[in-house]
Undergrad: 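What follows is a structure written as structure tokens; I'll ask about it next.
Every chain is numbered from 1 and lettered A, B, ... according to where its sequence line falls, protein lines coming before strand lines. What you are looking at is a predicted structure, and each value in this text was computed from that prediction instead of being measured. We use all heavy atoms of the structure for the numbers below, so side chains are in, but hydrogens, waters and symmetry mates are not.
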Amino acid sequence: MKASRVRAVACKEWREILRDRLFFTMAFGVPLLIMLVLGYGLSLDVKNIPFAVVDHDRSASSREYVHRFSESRYFDLVGYVAREKDLDPLLADSRIRLGLVIPDRFGERLQGDRPARVQALIDGMFPFRAQTTKGYLEAINAEANRELLVDWLARSRGMTRERAVQQVTPVRLQQRYLYNQAIESDWSMASGLMMLVLMVSPPFLTALGVVREKESGSIYNIYASTVSRGEFILGKLIPYVGVSCFNILVLWLVATQLFGAPFKGDPLFFFIASVVYVICTAGIGLLVSILVSTQVAAVLLTMVITFIPAMLYSGLLVPVESMSPDARLQAWLFPPRYYLEITWGSFLKGLGWSDLWLPVVVLAGYAAVLWSVGFLAFHKRPRR
Amino acid sequence: MPLLQITGFHKRYRRQVAVERVDLSVGRGEIFGLIGPDGAGKSSLMKAAAGVLSYEGGLIEAFGVPLDSETNAERVKDRIGFMPQGLGLNLYPDLSVEENIDFLARLREVAPADLARRKRRLLAMTRLERFRGRAMKHLSGGMKQKLGLVCTLIHQPELVILDEPTTGVDPLSRRDFWAILTDLLRDRGITALVSTAYLDEASRFHRLALLHQGQVLDQGTPEEIVSRVPGRLLSFRTSQPGEALRRLQGRYRQLDYDGHRIRVFVTATGEAAALDELRRHLGDLPVRQLEAGEPGLEDVFVALLRGRGDADREGVPRLPVNGRSHRGGEDEVLIEASGLCRDFGDFRAVDRVGFRVRRGEIFGLLGANGAGKTTVIKMLTGILRPTAGSGRVAGADMRRAAGAIRQRIGYMSQSFSLYRDLTALENIRLYGGIYGLGPGLLQERIDWVLEMAGIRGHESDRTAALPMGLRQRLALGCALVHRPQVLFLDEPTSGVDPLGRRRFWSILTHLAREQGVAILITTHYMSEAEHCDHLALMHAGRLVADKTPDALRRELQQEVGELLELQLDHPLEALERLEGQFKGVTLHGNRIHLFAPSLSAAEPVIRRLLADTGVELRSLRTRVPGMEDVFVYRMGLLEREAA
């Protein structure tokens with residue numbers, strides 16, 4: 001292993017990254033773009049659910065009931081319609097996600113202390129959103145019931161309202177959210193997206209960097225020269241890992257400054273762990289570049305083996321614990337879930353070396369395996 | 001002990017055999033040529049010899065080291081320089097000329113002082129000195145190729161392996177390339193293994209091997225190979241070409257007629273015997289300008305292929321029976337360009353180009369990659385709008401009636417534009433449908449195409465499985481399915497073997513002479529240029545010459561004299577002396593070519609120059625200059641003007 005030859009390869013590669021406009025964009029623009037697009041687009045918070053009402057009663061009670069929904073931050077009243085039938089086109093067009101039908105004599109029944117029925121039509125197309133909607137709906141409805149009960153107690157037993165409230169809710173739940181106090185999914189998402197971007201971008205750069213030389217034929221300069229495969233691989237990967245380390249800082253700034261995610265952990269630990277992760281994912285790119293010989297194939301293969309696991313099996317959208325056994329196996333197989341543990345640990349929980357050393361070791365192990373396989377599978381005298 | 005020894009070499013890709021049972025040896029200080037069409041197996045052989053491709057059978061030894069494993073191959077790589085196929089493809093487009101060289105030098109650990117010295121020398125030799133700082137992607141094709149050569153030579157390898165270094169390069173750059181190789185041979189005793197698809201470069205080699213479909217057809221010195229197929233190439237004019245062809249057709253298999261001259265290869269020993277034999281067969285027919293020449297390597301290649309029975313598989317070509325037709329409208333201009341310009345940003349790709357092509361005429365547009373040939377064709381066919389200038393094709397204005405033009409022309413591109421997964425017949429049908437032929441007419445045209453292109457028997461073969469030559473003729477047939485009066489052919493013969501190329505050209509002459517089709521063709525093959533009625537050379541977007549091949553040749557002879565060929569026992573030692581005295585001195589294997597006012601005047605001068613060198617002049621004779629000589633001379637003049 002000669003440092004001079006590694007340096008020659010690395011310098012050449014670095015110049016190409018800076019001068020090739022497409023490659024430059026790939027290296028510095030695309031990671032930022034993914035972060036911004038997904039950061040703004042992929043919010044898991046369900047807020048402002050649009051809904052419409054059919055009010056057959058048109059009484060003060062029915063208006064008050066509807067008002068409970070329209071003034072909450074979770075629902076957005078689109079308007080009233082005359083008949084149930086009129087809800088169908090609105091739901092079909094996704095202009096509303098929820099339809100409330102309040103029957104005739106709703107207020108009258110409540111005044112007479114008789115139960116009334118309200119029908120809720122929920123758009124169940126996207127189960128996650130429907131579940132959340134149902135939760136909000138039930139909570140608001142329960143609140144309405146509770147107040148009716150309080151009113152009734154106050155009226156019939158002559159209690160004060162405070163006393164009545166205590167009677168109605170004997171057990172009081174005190175909730176506090178830890179780590180992400182405001183349960184802003186943007187916080188978790190922004191830091192989680194660092195995992196995604198750093199899973200996708202380094203292998204793309206590495207795979208394309210090697211494969212484009214294969215495709216053009218300049219790889220023969222390497223094959224035909226006295227550069228050893230180790231020197232070539234190292235020289236080739238140093239610039240890409242370097243670029244990705246720079247991107248770690250940029251993405252970290254975006255997550256904390258633009259998306260307002262808090263960073264509570266040890267910055268040095270997080271940076272070192274991130275570098276290990278980047279080395280590991282660049283190794284995936286190296287493997288891809290050995291398997292394929294055209295840039296198109298490299299893009300497709302890299303996309304499939306990086307984006308999908310990072311998106312679906314990392315725990316970003318669905319916690320690993322609540323996945324099906326098959327999905328959980330996949331989660332254990334791919335590196336992103338370990339880095340996500342590190343990211344959320346560092347950003348939200350303020351953890352450091354003592355708690356997160358294991359995932360770092362696992363990632364380092366991955367990197368070692370990927371690079372060794374890449375090194376052994378790279379030949380200067382291939383079959384074709 | 002030869003420097004490179006190849007025995008029983010065998011290479012396959014999955015189940016497809018690329019090269020089988022090849023034996024070669026390259027001695028120290030030799031320039032060895034591998035000649036063959038695309039797919040002959042040249043690249044596989046060269047890559048294996050450079051130690052960058054593993055192989056299945058046989059053994060390659062370089063410098064006495066068997067290249068049978070990656071470890072062994074590494075042992076000789078510091079002594080080998082390898083330039084893969086493709087113009088500048090092994091270079092880095094975004095790096096400058098100097099950075100490209102520096103990178104390759106650092107890979108090879110050339111000491112800084114050596115690097116500076118060699119860089120200076122090689123850049124001067126290749127005239128790239130001025131372009132040190134220019135990014136490689138902004139170089140012309142010829143310059144890229146020279147830079148590739150510099151990068152391959154920067155570590156001073158003892159053996160250079162160059163895969164098609166001259167493909168797609170203009171004739172002048174090709175000449176430069178050979179001059180550099182000659183210098184290296186003289187100064188360093190370098191050994192070179194060079195492949196080429198151009199048979200007319202064969203004379204440059206000391207020894208060569210003809211490769212076809214993965215096998216060596218023949219190998220030896222150019223003289224040896226030519227002498228193995230004894231015979232003479234005779235050509236003549238006659239007023240009754242149809243009758244002459246009828247009388248010769250059964251007897252000679254290598255028979256050509258381009259509308260002017262009939263060429264026939266007569267396998268008789270000695271010129272007199274050959275001429276006698278031909279006269280006997282022609283009988284009482286009037287014959288003019290009967291000339292006898294030595295067969296070129298291409299004729300030999302074709303003869304060797306015919307010997308293997310390949311020719312029969314390709315079918316017997318139909319020759320035109322009339323000379324240039326004298327029907328009405330003979331002088332009708334079918335393609336006319338005047339003052340055509342096209343800019344791409346700041347770059348002027350085509351600069352004031354103007355020419356005319358008449359009915360029944362074959363017009364050849366020659367030039368290197370990037371000279372602007374394809375851009376001219378695209379403008380004339382209405383695909384690309386010109387920045388300035390005008391053109392008419394088959395009576396329609398190219399600016400206004402692009403749609404009408406496309407109905408009246410046939411166009412065939414380098415890539416053959418066929419659907420590889422369709423059968424031959426389906427492809428013809430498809431093109432018939434595109435041009436809107438009715439069912440009755442379509443059947444008639446299909447029959448005509450099958451006949452004309454000699455595809456009968458292959459109608460239901462998948463296009464991808466057809467041999468290159470057949471595929472090329474099928475593409476031609478598809479371009480002609482709607483009976484256009486104008487035909488544009490953009491490098492239609494790239495990568496096709498000589499037999500296929502000949503067959504193709506016989507169809508073209510037939511179309512022009514019999515059917516009055518005006519043909520515009522671009523090609524890299526200078527030997528094909530001879531078949532054209534009219535030639536134009538493009539260089540850096542401009543038209544440099546526009547005349548008949550004979551007129552161009554005569555002009556050259558008037559301006560610089562006769563082309564002489566000297567055969568010498570030690571040509572390298574004579575080279576420098578001759579360069580001082582004559583123009584256009586070039587080394588061709590064991591021979592030297594030069595220009596002199598006349599043979600009789602030059603002979604005493606040459607003998608005097610060589611007298612005290614001990615070099616023996618074995619023979620001296622005049623040669624008919626080829627189109628390549630013409631264009632190298634013309635472009636040389638232009639470059640000097642520019643400088």
Undergrad: Decide yes or no for A:Arg19 and B:Glu99: does some side-chain heavy atom of the first lie under 4.5 Å from some side-chain heavy atom of the second?
TA: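 A side-chain contact under 4.5 Å exists here.
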Undergrad: Let's test your reading of the structure: which of A:Gly235, A:Pro382, A:Gly217 forms the most heavy-atom pairs below 4.5 Å with chain B?
TA: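 Looking at each option in turn, the highest pair count goes to A:Pro382.
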Undergrad: Could you have a look at B:Lys11, B:Arg106, B:Arg108 and say which one has the most heavy-atom pairs with chain A under 4.5 angstrom?
TA: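 Heavy-atom pair counts peak at B:Arg108.
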Undergrad: Looking at side-chain heavy atoms only, is the closest gap between A:Tyr220 and B:Asn90 below 4.5 Å?
TA: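 No; the side chains remain at least 4.5 Å from each other.
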Undergrad: Quick check for you: to the nearest 0.5 Å, what is the distance between A:Asn221 atom CG and B:Phe103 atom CZ?
TA: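 Answer for the CG-CZ pair, A:Asn221 versus B:Phe103, is 7.0 Å.
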Undergrad: With only heavy atoms counted, which part of A:Glu231 is less than 4.5 Å from chain B, the side chain, the backbone, both or neither?
TA: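 Looking at A:Glu231, nothing touches chain B.
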Undergrad: Measure distances from B:Ser69 to the heavy atoms of chain A and classify the residue's part below 4.5 Å as side chain, backbone, both or neither.
TA: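 The backbone, not the side chain.
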Undergrad: How long is the straight-line distance from NZ of A:Lys12 back to CG of B:Asp94, given to the nearest 0.5 Å?
TA: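 Rounded to the nearest 0.5 Å, the CG-NZ separation comes out at 10.5 Å.
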Undergrad: Taking everything shown except B:Tyr13 itself, do over 12 heavy atoms lie less than 6.0 Å from its OH?
TA: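 It does: B:Tyr13 OH has more than 12 such atoms within range.
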Undergrad: Where on A:Val9 is there a heavy atom nearer than 4.5 Å to chain B: the side chain, the backbone, both, or neither?
TA: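 Both backbone and side chain.
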Undergrad: Where do A:Ile222 and B:Leu107 come nearest, in terms of heavy atoms and distance?
TA: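 Closest approach of A:Ile222 to B:Leu107: CD1-CD1, 3.8 Å.
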Undergrad: May I ask you to name which of B:Ala50, B:Ser54, B:Gly86 has the most heavy-atom pairs under 4.5 Å with chain A?
TA: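 Of B:Ala50, B:Ser54, B:Gly86, B:Ser54 has the most heavy-atom pairs under 4.5 Å with chain A.
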Undergrad: To the nearest 0.5 angstrom, please state how far the CG atom of B:Leu95 sits from the CG atom of A:Asp20.
TA: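 If I round to the nearest 0.5 Å, the distance is 10.5 Å.
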Undergrad: In this structure, are over 12 heavy atoms from other groups packed under 6.0 Å from A:Phe246 atom CZ?
TA: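 Result for CZ/A:Phe246: open.
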Undergrad: Do you know which of B:Asp102, B:Leu104, B:Leu91 has the most heavy-atom pairs under 4.5 Å to chain A?
TA: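 Most pairs with chain A among the choices: B:Leu104.
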Undergrad: Evaluate the side-chain proximity of B:Glu56 to A:Arg383: yes if any heavy-atom separation is below 4.5 Å, no if none is.
TA: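 In short, these two side chains touch, coming nearer than 4.5 Å.
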Undergrad: What part of A:Ser225 lies closer than 4.5 angstrom to a heavy atom of chain B: side chain, backbone, both or neither?
TA: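 A:Ser225 touches chain B through backbone and side-chain heavy atoms alike.
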Undergrad: Quick one: which of A:Arg229, A:Lys380, A:Arg381 gives a salt bridge (charged side-chain N to carboxylate O under 4.0 Å, His left out) with B:Glu74?
TA: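 Testing B:Glu74 for a salt bridge (charged side-chain N to carboxylate O under 4.0 Å, His left out) against A:Arg229, A:Lys380, A:Arg381 leaves exactly one candidate, A:Lys380.
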Undergrad: Before accepting this row, confirm whether a basic side-chain N of the pair B:Glu109/A:Arg5 lies closer than 4.0 Å to the acidic partner's carboxylate O.
TA: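 Looking at A:Arg5 together with B:Glu109, the answer is yes, because their closest N to O distance falls below 4.0 Å.
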